[in-house]
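See structure below.
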Amino acid sequence: RTNNPAHQESQSDIDKEEEDDRKVFSFGQNSYGELGHGDTTERHSPELVQFCRGLDIIQVCAGNEHTVLLSSSGSVFACGYNDSGQCGISSATRIPMLRKIDAF
């Protein structure tokens, strides 16, 4: 960024730039697909979650073996162990890849 008025960015330009830079990475055990990569492969270093590209994810909540994401539009996505319904879908089935939760 610059202090030169001829090169000043508007707040919307800055917001768009920051939105374009938002990425979600995950790593860990992944027994139930809780990392959001669409598989159950363990990750030992941070890996980009491709599903999240372009969704403008603003918040991530990671449970023991499930993950919930919130986008700036208010959409909620979840994946992983769901035997107690913790992913917010209408059944207690496991979700091996990120899925939009229809209630939101």
Side-chain angles (χ1 to χ4, degrees):
R1 308 215 197 292
T2 178
N3 288 328
N4 181 338
H7 295 97
Q8 289 283 326
E9 295 176 285
S10 72
Q11 185 62 46
S12 63
D13 290 337
I14 294 168
D15 290 344
K16 180 66 175 154
E17 180 181 306
E18 289 173 0
E19 177 181 316
D20 290 343
D21 288 344
R22 289 187 191 138
K23 294 177 176 75
V24 176
F25 292 82
S26 65
F27 57 101
Q29 185 174 354
N30 202 32
S31 297
Y32 304 100
E34 63 268 24
L35 297 182
H37 297 285
D39 60 37
T40 55
T41 303
E42 198 168 296
R43 306 291 196 296
H44 297 281
S45 59
E47 186 172 318
L48 180 67
V49 179
Q50 295 292 332
F51 179 92
C52 298
R53 295 185 75 169
L55 292 177
D56 192 24
I57 300 299
I58 59 171
Q59 189 169 12
V60 176
C61 297
N64 182 40
E65 293 174 322
H66 72 287
T67 303
V68 181
L69 309 172
L70 174 65
S71 73
S72 63
S73 69
S75 293
V76 176
F77 303 87
C79 63
Y81 192 82
N82 185 50
D83 288 17
S84 299
Q86 59 267 50
C87 289
I89 63 172
S90 59
S91 69
T93 59
R94 295 176 183 170
I95 308 171
M97 60 188 347
L98 279 161
R99 172 175 162 179
K100 186 175 185 292
I101 306 305
D102 295 326
F104 298 92

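With sequence neighbours excluded, no residue satisfies side chain to side chain donor-acceptor pair (under 3.5 Å) with Arg99. Taking the salt bridge (Lys or Arg N to Asp or Glu O under 4.0 Å) definition, one finds that Arg53 meets it with nothing, sequence neighbours left out. The side-chain contact (heavy atoms from CB on, under 4.5 Å) check on Thr93 picks up Ile89, Ser91, with sequence neighbours excluded.
Taking CG of Leu55 as the start and CG of Leu98 as the end, the distance is 9.0 Å to the nearest 0.5 Å. Rounding to the nearest 0.5 angstrom, the gap separating the CD atom in Gln29 from the OG1 atom in Thr40 is 10.5 Å. Within the model, atoms CD of Glu47 and NE2 of His44 stand 11.5 Å from one another, a figure rounded to the nearest 0.5 Å.
Of all heavy-atom pairs between Gln86 and Ser84, the closest is OE1-N, 3.0 Å. Of all heavy-atom pairs between Gly33 and Cys79, the closest is O-SG, 3.4 Å. Nearest heavy atom pair, residue Ile101 against residue Cys87, reads CD1-O, 3.2 Å. Nearest heavy-atom pair across Ala78 and Ile95 is O-CG2, 3.8 Å.
Between Ile58 and Arg22 the shortest side-chain heavy-atom distance falls below 4.5 Å. Annotation: side chain of Val76 is not in contact with side chain of Lys100 (no heavy-atom distance under 4.5 Å). For the pair Leu69/Cys52, a side-chain contact is recorded, criterion being any heavy-atom separation below 4.5 Å from C-beta on. Annotation: side chain of Ser26 is in contact with side chain of His37 (closest heavy-atom distance under 4.5 Å).
The ring pair (Phe, Tyr, Trp, His ring centres under 6.0 Å) contacts involving residues 61-88 comprise Tyr32-Tyr81, Phe51-Phe77, where partners must be two or more places apart or lie in separate chains.
Judged by distance alone, the side chain of Ser71 and the main-chain N or O of Asp56 form no donor-acceptor pair under 3.5 Å.
When the options Val60, Val49, Val24 are evaluated for a side-chain contact (heavy atoms from CB on, under 4.5 Å) with Thr67, the one that passes is Val60.
Counting side-chain heavy-atom gaps under 4.5 Å among Ile, Leu, Val, Met, Phe, Trp and Tyr, Phe27 is found in no cluster with other residues. When hydrophobic residues (I, L, V, M, F, W, Y) are linked wherever their side-chain heavy atoms come within less than 4.5 Å, Leu35 remains an isolated member.
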